[in-house]
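Below is one structure; the comments refer to it alone.
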Amino acid sequence: MIHKTSSEVGGMGHSVKRKEDLRFIQGRGNYVDDVQLPNMVYGQVVRSPYAHARIKGINTEAATKLKGVLAVITGQDLEKAGLSWMPTLFHDKQMVLATGKVLFQAQEVAFVVAEDRYTAADAAELIEVEYEELPVLVDPHHATDPDAPIIREDRDEKSNHIFHWEVGDKQATDKAINDAPVKIKLSTAFQRCHPAPLETCGCVADFNPATGRLTVWETSQAPHAHRTLFALVAGLSENDIRIISPDIGGGFGNKVPIYPGYVCAVVASITLKRPVKWIETRSENLQSTGFARDYHMTAEIGADRDGKVKALRVGTLADHGAFNAAAQPSKFPAGLFSICTGSYDFQASFCEVDGVYTNKAPGGIAYRCSFRVTEAAYLIERAMDALADELGMDAAELRLKNFIPSDRFPYKSPLGFTYDSGDYKAAMNLALEQAGYKDLLKEQADKRKKGELMGIGISSFTEIVGAGPAHTYDIAGLKMFDSCEIRVHPTGKATARLGTKSQGQGHETTFAQIIAQELGIPVAGITVEEGDTDTAPYGLGTYASRSTPVAGAATAVAARKIRDKAKKIAAHLMEVSEEDLEWEPGKFYVKGAADKAKTIQEIAFAAYTDLPPGLEPGLEAVDYYDPPNLTFPFGTYICVVDIDKGTGEVKVRRFIAVDDCGNIINPMIVEGQIHGGLTEGLGIAFMQEIGYDESGNVQGGTFMDYLVPTAVETPHWETGKTCTPSPHHPLGAKGVGESPNVGSPAAFVNAVVDALSHLGVRNIDMPVTPWKIWRLLKEKGQAG
Ligand code: CDP
């Protein structure tokens with residue numbers, strides 16, 4: 001049972017204002033680039049202008065001679081220290097600084113250290129690298145052609161093929177699709193995009209030769225994992241490494257991997273015995289750090305004539321760039337892509353994925369996404385629309401007919417997941433009602449008669465967030481649990497530390513609310529700290545919306561451990577037995593005598609001053625939580641668009657988002673998460689692509705061409721919610737941060753395709769630009 005708490009206490013369900021915003025709105029945040037240390041020097045990465053070229057030589061002389069330059073590090077220097085390659089987070093290795101050849105444009109080739117940033121940048125320009133250009137592979141569809149250039153000469157396998165992965169029952173699926181009276185096949189792609197956090201990546205590495213300690217302030221979403229990997233790769237003693245992730249200006253998965261700049265800054269600091277700061281520029285961030293998606297997918301559905309789906313077959317080509325640096329659990333080469341059966345009750349399904357190398361930046365990171373669930377949700381939601389089109393059936397009706405019924409949970413999907421809980425019909429019905437769906441359909445029909453283009457797009461996505469369980473999920477071998485340590489001080493205030501790391505999600509507020517809920521200590525008296533490996537308990541960090549499902553659960557369990565001890569102290573203070581006590585947030589009282597009570601503050605004081613015999617002093621607890629399952633949030637999104645025939649421009653007139661993330665901790669923060677994620681989804685659907693020309697030149701490498709939506713393009717988001725608690729989470733909560741990014745791209749594109757479907761259009765690949773639409777209209781003789 002979730003007790004109600006007062007607004008002063010601020011437990012679950014209160015829209016407590018974000019505690020951290022006080023410092024942010026006053027300009028008093030402390031980001032990595034704010035860190036200033038005595039004697040600090042600056043690093044600059046020299047990058048390759050070519051996508052594929054042999055390095056014939058590197059001349060560092062002129063750069064080294066420049067006044068103020070302290071060091072120039074090349075791949076050969078790192079080779080001597082055994083550090084020219086480092087492991088990626090996914091069964092591969094990556095060059096720290098290129099040796100032999102470069103494999104993508106903007107690859108790291110050298111690292112210059114100087115007294116100031118300007119000198120470092122000037123010196124980088126003076127480094128002369130002699131390149132011999134090699135044939136470039138850009139199109140993943142040609143990666144395994146017999147004449148394709150082999151990108152990774154370091155591997156035993158002389159092929160650009162990385163992996164083949166399959167799951168499901170191929171035979172049953174093939175048969176069901178063959179026998180089905182209605183079949184559709186949709187080929188589409190989720191383009192390469194980039195999280196583009198406001199703050200780029202960077203670090204300050206400070207090796208202290210007197211103590212032998214290395215402190216690294218780093219833009220890391222997973223500071224503990226980074227500490228362990230630094231220790232393993234560089235052979236440093238882990239207790240001598242301290243990673244501090246201070247305030248982070250957005251991560252979205254971009255700040256999970258370890259990038260060459262961090263390693264070079266550490267090497268430079270150890271060599272020079274001075275602190276070294278390295279901060280990326282915007283272009284460096286977009287061009288060289290972890291990209292997302294780049295999945296080229298085909299879905300086939302077999303269905304009955306009445307629209308009941310039978311089977312789903314999915315084939316995917318995954319472009320991983322030059323190194324397989326996907327940040328995902330090591331048993332899952334395609335992340336959690338096999339959630340692609342979505343919200344629908346397929347009897348059979350089969351999914352296969354092939355990964356390939358190309359001459360592009362490495363990655364495959366989980367951009368506001370649980371390891372490829374975004375690609376999966378996009379594919380199934382687009383494919384359901386294609387089926388509706390084939391059947392001539394309403395897209396909402398088709399979905400309602402095929403939803404997994406709410407009484408079938410826990411539901412075992414044909415591709416192996418056990419969904420914890422769901423009521424998809426309820427979310428859909430609420431969204432249809434909020435949208436005024438019937439009226440919209442009528443309006444669309446009227447407009448069509450007049451030759452106007454209006455579209456309605458639906459996406460009824462199922463999410464999968466909160467990895468572990470640890471027996472199945474890991475990052476680079478580190479099990480995916482998480483942790484919380486709570487210390488209640490004698491005056492009844494508390495400090496909590498967690499293994500996660502907020503990048504703007506409001507953890508300092510929401511985790512305090514969980515403690516307030518469980519212990520009745522007001523939120524104002526609780527400090528939440530994350531990101532310092534010297535103080536926080538070990539955890540796997542924040543990405544893939546895992547903080548609430550995993551660390552949030554750890555926080556509740558740690559608080560309950562404290563409450564158990566508090567009960568013993570309360571019984572002692574009131575001279576009754578523990579069995580005689582009842583709890584309500586903030587106090588224990590004697591059953592049947594509510595005025596005989598001890599508050600949590602009185603109990604906290606007694607924990608240090610008046611303890612029962614034999615009980616150890618203090619009021620603290622730590623919990624390392626290994627979730628029994630993931631949580632499965634869901635929602636229905638409805639998008640309404642109007643298209644200008646003259647320009648191909650799409651106006652998102654309305655967007656209704658009904659989300660279900662189980663029990664909510666802070667409704668205002670959840671609303672903010674949804675607004676942010678929808679805005680990112682809008683950018684992906686209509687504006688963003690990290691493209692490459694045939695020579696491997698990055699096309700979307702600056703904000704001039706990789707567009708971020710502003711208030712001008714962003715529509716008013718209409719939100720709604722249903723609540724289906726997770727049965728296994730101690731608070732019934734599911735994660736939510738990534739849902740809007742996962743669910744919305746399909747709603748946007750479905751709306752555009754719906755607006756054009758009567759012209760015979762069944763697919764448009766993202767980004768859906770005015771130019772693409774105008775060309776289509778022109779082809780169909782419809783351009784105004
Ligand atoms: O891992 P990450 O923090 O990115 O994602 P999340 O667990 O989905 O949480 C995002 C924010 O929403 C956090 O501040 C959560 O505590 C909050 N939240 C909430 O208030 N209620 C939920 N049921 C889920 C998340």
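Positions are given from 1 along the sequence. In listed order, ligands and their atoms are each counted from 1. Just so it is clear, the model here is predicted, and its values are computed rather than measured.
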Open item on the list: Can you tell me how far apart NZ (Lys734) and CG (Asn663) are? Round to the nearest 0.5 Å.
Closed with: 10.0 Å

Open item on the list: Would you say the ring centers of His194 and Phe291 fall short of 6.0 Å from each other?
Closed with: no

- [ ] May I ask you to identify, for Ile665, whether its side chain, its backbone, both or neither come under 4.0 Å of ligand 1 on a heavy-atom basis?
- [x] both

Task: Nearest option to atom 3 (O) of ligand 1, as decided by whichever heavy atom of Gln673, His507, Gln513 sits closest - done: His507

Open item on the list: Taking the ring of Phe371 and the ring of Phe332, is the distance between their centroids below 6.0 Å?
Closed with: no

TODO: Measure the NZ-OG1 distance between Lys501 and Thr219 for me, rounded to the nearest 0.5 Å.
DONE: 11.0 Å

TODO: Report the nearest protein non-hydrogen atom to atom 20 (O) of ligand 1: residue, atom name, distance rounded to 0.1 Å.
DONE: Asn666 N, 2.9 Å

Task: Distance-only polar pair, side chains of Thr710 and Glu713, donor-acceptor under 3.5 Å - done: yes

Task: Nearest protein heavy atom with distance in Å, relative to atom 2 (P) of ligand 1 - done: Ser547 OG, 3.5 Å

Open item on the list: Out of all atoms in ligand 1, which are within 4.0 Å of some heavy atom of Pro549? Include the element for each.
Closed with: 7 (O)

Task: Numbering as shown, the atoms of ligand 1 that approach Lys734 to under 4.0 Å (heavy-atom distance) - done: 22 (C), 23 (N), 24 (C)

- [ ] Quick one: look up the protein heavy atom nearest atom 8 (O) of ligand 1 and list residue, atom name and how far away it is.
- [x] Val736 N, 2.6 Å

Open item on the list: Taking distance alone, with N or O pairs closer than 3.5 Å, would you say Tyr543 contacts ligand 1?
Closed with: no

Open item on the list: Less than 4.5 Å apart, side chain to side chain, heavy atoms only: is that true for Tyr31 and Pro246?
Closed with: no

Open item on the list: Considering non-hydrogen atoms of the protein only, which is the closest contact for atom 15 (C) of ligand 1, and what is the distance?
Closed with: Thr548 OG1, 3.2 Å

Open item on the list: For ligand 1 and Gly737, I'd like to know whether there is a polar contact (N/O to N/O, distance under 3.5 Å).
Closed with: yes

Task: Between Phe748 and Phe686, ring centroids under 6.0 Å - done: yes

Task: Ligand-side contact atoms (ligand 1) for residue partner Cys661, heavy atom cut-off under 4.0 Å - done: 23 (N)

Open item on the list: As a check for students: among Glu463, Gln505, Arg18, Met668, identify the option with a heavy atom nearest to atom 14 (O) of ligand 1.
Closed with: Gln505

Task: Ion pair check, Glu199 and Lys255, cut-off under 4.0 Å - done: yes

Task: Numbered atoms of ligand 1 (with element) below 4.0 Å of Ile664, judged on heavy atoms - done: 21 (N), 23 (N)

Task: Test: Arg546 cationic atom under 6.0 Å from Tyr543 six-membered ring centre, within 45° of axis - done: yes

TODO: Examine the proximity of ligand 1 to Arg546 and report which part, side chain or backbone, both or neither, has a heavy atom under 4.0 Å away.
DONE: backbone

Task: Name of the residue among Thr418, Asp423, Ile404, Asp420 meeting side-chain contact (heavy atoms from CB on, under 4.5 Å) with Phe409 - done: Ile404

TODO: Of the side chain and backbone of Ile669, name the one, both, or neither that has a heavy atom under 4.0 Å from an atom of ligand 1.
DONE: side chain

TODO: Report yes if the distance between the aromatic ring centroids of Tyr295 and Phe190 is under 6.0 Å, otherwise no.
DONE: no

Task: Test: Arg368 cationic atom under 6.0 Å from Phe252 six-membered ring centre, within 45° of axis - done: no

- [ ] Find all atoms of ligand 1 within a distance of less than 4.0 Å from any non-hydrogen atom belonging to Asn663, and give their numbers and elements.
- [x] 22 (C), 23 (N)

- [ ] Within a distance under 4.0 Å of any heavy atom of Gly735, pick out the atoms of ligand 1 and give their elements.
- [x] 8 (O)

Task: Closest approach of any protein heavy atom to atom 5 (O) of ligand 1, naming residue and atom - done: Ser545 CA, 3.5 Å

Task: Those atoms of ligand 1 less than 4.0 Å from some heavy atom in Val670 - done: 18 (N), 19 (C), 20 (O), 21 (N)

- [ ] Just need the protein heavy atom nearest to atom 16 (O) of ligand 1, so name the residue and atom and give the distance.
- [x] Thr510 OG1, 2.9 Å

